[in-house]
Amino acid sequence: MQSDNYLNVLNPEQCQAVMHEGSPLLILAGAGSGKTRVITTKIAWLIEQGTDPRSILAVTFTKKAANEMRERACRLNEQAQFAQIRTFHSFGSWFLRIYAEYAGLAPNFTIYDDDDMLTLLSKTSPELTHNQCAHYVRLISRAKDYCLLPESENLSQIDEDLCFADYYQKYEERLRETGNVDFGDLISLPIKVLKENPEIQAQVHHRFRVIMIDEYQDSNVAQFELLKILAGAETYVCVVGDDDQSIYSFRGAEVQNILTFQENFKGAELIKLERNYRSVASVLKIADEVVKNNKDRLGKTLIAERSGGKKPVAVFLSNQDDETAFCAEIIKAAYAKGCPYSDWAVLYRTNAQSLSLETEFINKKIPYKVVGSLKFYDREEIKDVIAYLSLVLNPRDEVSFSRVVNKPLRSIGNSSQQKIIEFARSTYGTIEILPENRVVLKGSILEACSDNALSLPAKAKKGLQSFLEIMNALISELKNNESDEAAVSKEIYDIAQAAVEEQLLSNVPFEKEKTLASFIEKVISTSGLGDFHSTKDEIAGTQRLNNMQELANSAVLYPKTKAGLALFFDHIELDRAVTQAEDSSDAVTLITLHNTKGLEFPRVIITGIEKGIFPREDKKGSELEEERRLFYVGITRTRDELYLTTTSSRRLYGRVEWMSPSPFLAEINRNSIDVLGRKPARFYFADEKQQKNSSKYISTSEKTEHDLLYEHWKPGTKIYHDDFGYGLVCKAFYIKSDFAIFAAFESGIKKQFIPEHCKSTLMRIKN
DNA sequence: GACAGTGAAATTTTT
DNA sequence: TTTCACTGTC
């Protein structure tokens, strides 16, 4: 496509951002201001101006965003397929596979997730309980987000706990012994390699002339350090972000990165994109009413390009069954009028909230898809298969080893496992240091297992023997397909990647026998995992077998080599949430608020806007502001219609809890919003509150509402309750903002009720 | 070393 | 309500 075509559709600021050059650039892009369009157009533009696409590095935070960016850029200029468009973590992984030995890694490393981190920590510090381990794993992750090492002086800023450095240190040493990495390492190890090896830094500076980062407000300190060291004197750096949409500080995102960008990159220019093309004005209005309550922001006002629009609707419901029913009904009603299901997204704060929605949608036969929280890779059987694969790739992986050495049961219990690992560490765990900071890891747990010096009970020894046979058979199966028997080297890795891409591009049917899928099938059968899981539980067994088969199927594009396996690992570790096939079927989207970042929908329902849930109870200060930004993000996903639902009671872990509307809801003006259902008596929207405060009289609306309730339930009123029978109201009063009554029944039982909460079981008998 | 039974805790957000 | 860790027995 010609540049005059795609530049024509941009507004002046967008155009300026696309064509800007010569100094670093910070683009402050409000929600819906077309920032992805700006980045993708910029990529196309740069290529057209003669920039080698291979020298462009564009970084995003999620795989989904990266894929979308690549697709859209390629549509503008097909050369964009040669640009490096990746997530931060996949870039780190790519870099480390090339320079593994400079980072003290096996080039065939795999990535430990939080769960694996926990296993490893509990091994290095067995005195810790499960909960303590989980706590320290969080701290370690956080420390790595801030680029802090165990010996760093500033480590105390993560936690005052004096033992922390010690646990961290031991964990880190042991992790290096395994040759694997955790998520934090994917950022911090490249920094280390670049710092220690100026010649690699020079290579990288030469390779990447343009670096662009999307969602810059969510970058952490380590990612900022990485950016600084990746950018040479000649590199053009362009970052895009929105401080109002920073929602990840809980995991180390540092808004300071965007606020201080101009200080850190000298001469940086700033372009603001404030025209919103996504939402109708009525939606943008309440977004602004909410977010302006945050003190800690640069401050910008979005200008709605789409005027008018239906007012958003606040919906007051009595419990979450009503809430799910409401969602289902409104979606069905719209469907009947020709609105497709895919126009809708139902948003919630925590994943647990999706469950009741799913049940309701199944009952009402509404097709839906749940984004994120796909627990596929968390399933036991899947983790087991992955552990076998990981061990094939990296025989030093002790976490995977202890996961599967006795699965299926081979009489190798905990104590035997400890023995094996200790033996392997003491006898085989050597690290050889080569010139130029290079490190080579030697020996492996599997080697140690076959050593005669290892003393174990006869039963365990026999079990170990059969385990070894299985592993060796699998390892040699992959080796036969390797052109070069050496470990995964850069070249092989590149070749494998090219093969995957080729396979994706060509529509040629491939022979399954030659793909990684057939290898994984082999792993499932020869390891005994297939039989183990299918016989263990007759009912769930088939499903588990299916899940394992599905894992195998998802590897069908990968070549049956070690490099192919390594690539497949990157794919599953770095893309766990989005693996669900993007099918084109018409379905409602169920999604957490966090996961909606970067998405948009014509019609949005935000559910559970209640105190204690959203915002969560323990949030205050800057954390509360972050929750508010999350609400802002949710609202601004909307193109046309927005519904905000609140309930007055909710089942929480089996118990029924009384809820009241979120304070965020009260930040909206009454005349910006329509109300559906009965508003709790003491709940006021922002302007109603002002009215009330400025007047010494009780506002009319309150008086009416209160009077109505009091009239209905005044003392002496006869009532009937499903469980307690007939009785009389003794007293009418308020509990917090809820109207309550105290009643005495004929049976002698005295009870307190909130009529609003038990509409179905409690009724008034007319005299 | 395997496994059943008991008691208690737990529920954020994610690359 | 569900899940998970721990205990005691075979």
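The structure displayed is predicted, hence computed values, not measured ones.
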Query raised in the report: Under 4.0 angstrom, heavy atoms only, what part of the nucleic acid is D114(A) near: base, sugar-phosphate, or nothing?
Result: base
Query raised in the report: Taking atom C1' in both dC4(C) and dT13(B), what distance in whole Å separates the two?
Result: 23 Å
Query raised in the report: Roughly, in whole Å, what's the span from CD1 in I609(A) to P in dT12(B)?
Result: 20 Å
Requested in this report: For K419(A) and dG1(B), give me the distance from atom NZ to atom C1', rounded to whole Å.
Outcome: 13 Å
Report task. Calculate the interatomic distance between F183(A) atom CZ and dT15(B) atom P; express it in whole Å. Result -> 8 Å
**Report entry** Ion pair check, E625(A) and R297(A), cut-off under 4.0 Å
**Finding:** no
Query raised in the report: Within the structure shown, what part of the strands sits under 4.0 Å from F61(A) by heavy-atom distance: base, sugar-phosphate, or nothing?
Result: sugar-phosphate
**Report entry** Polar contact flag, side-chain donor to acceptor under 3.5 angstrom, S356(A)-T324(A)
**Finding:** no
Report task. Would you check if there is a donor-acceptor pair between the side chains of E626(A) and S249(A) at a distance under 3.5 Å? Result -> yes
Query raised in the report: In whole angstroms, how far is the P atom of dT15(B) from the CG atom of N67(A)?
Result: 13 Å
**Report entry** Position toward the 5' end of DNA chain B (nearest nucleotide), G413(A) or A352(A)
**Finding:** G413(A)
Requested in this report: Would you classify F88(A) as touching base, sugar-phosphate or nothing, given that sugar-phosphate means primed atoms plus P, OP1 and OP2, and contacts are heavy atoms under 4.0 Å?
Outcome: nothing
Query raised in the report: Choosing from dT15(B), dA2(B), dT13(B), which nucleotide comes nearest the side chain of N351(A)?
Result: dT13(B)
Query raised in the report: DNA chain B: E623(A) or S415(A), which has the more 5' nearest nucleotide?
Result: S415(A)
Report task. Measure the distance from CG on D115(A) to P on dC4(C) and round it to the nearest whole Å. Result -> 10 Å
Query - Face-to-face contact F250(A) to dT12(B) six-ring, under 5.5 Å, under 30° - result: no
Requested in this report: For the pair D214(A) and K35(A), find out whether any cationic side-chain nitrogen is under 4.0 Å from an anionic carboxylate oxygen.
Outcome: yes
Query raised in the report: To the side chain of N131(A), which of dT14(B), dT12(B), dA10(B) is closest?
Result: dA10(B)
Query raised in the report: Considering only the P atoms, how many Å lie between dT11(B) and dC6(C), rounded to the nearest integer?
Result: 15 Å
Report task. May I ask you to decide whether R403(A) forms a salt bridge with D116(A), counting only side-chain N to carboxylate O separations under 4.0 Å? Result -> no
Query raised in the report: dG1(B), dT15(B), dT12(B): which one has an atom nearest the side-chain heavy atoms of S416(A)?
Result: dG1(B)
Requested in this report: Could you tell me whether R349(A) contacts a base, only the sugar-phosphate backbone, or nothing, with contacts defined as non-hydrogen atoms closer than 4.0 Å?
Outcome: base
Requested in this report: Verify the contact: side-chain N or O of N220(A) to OP1 or OP2 of dT15(B), cut-off strictly under 4.0 Å; return yes or no.
Outcome: no
Query - Pair S402(A)-K123(A), side-chain donor/acceptor within less than 3.5 Å - result: yes
Query raised in the report: Looking at dT14(B), dT11(B), dA2(B), which one has an atom nearest to any side-chain atom of R616(A)?
Result: dT11(B)
Query raised in the report: Over how many whole Å does the gap from R142(A) atom CZ to dT15(B) atom P extend?
Result: 14 Å
**Report entry** Which nucleotide in dG1(B), dT13(B), dC3(B) has an atom nearest any side-chain atom of L409(A)
**Finding:** dC3(B)
Requested in this report: Provide, to the nearest angstrom, the distance between the CG atom belonging to L593(A) and the P atom belonging to dT14(B).
Outcome: 10 Å
Query raised in the report: Is the distance from OP1 or OP2 of dT12(B) to the nearest side-chain N or O of T592(A) less than 4.0 Å?
Result: no
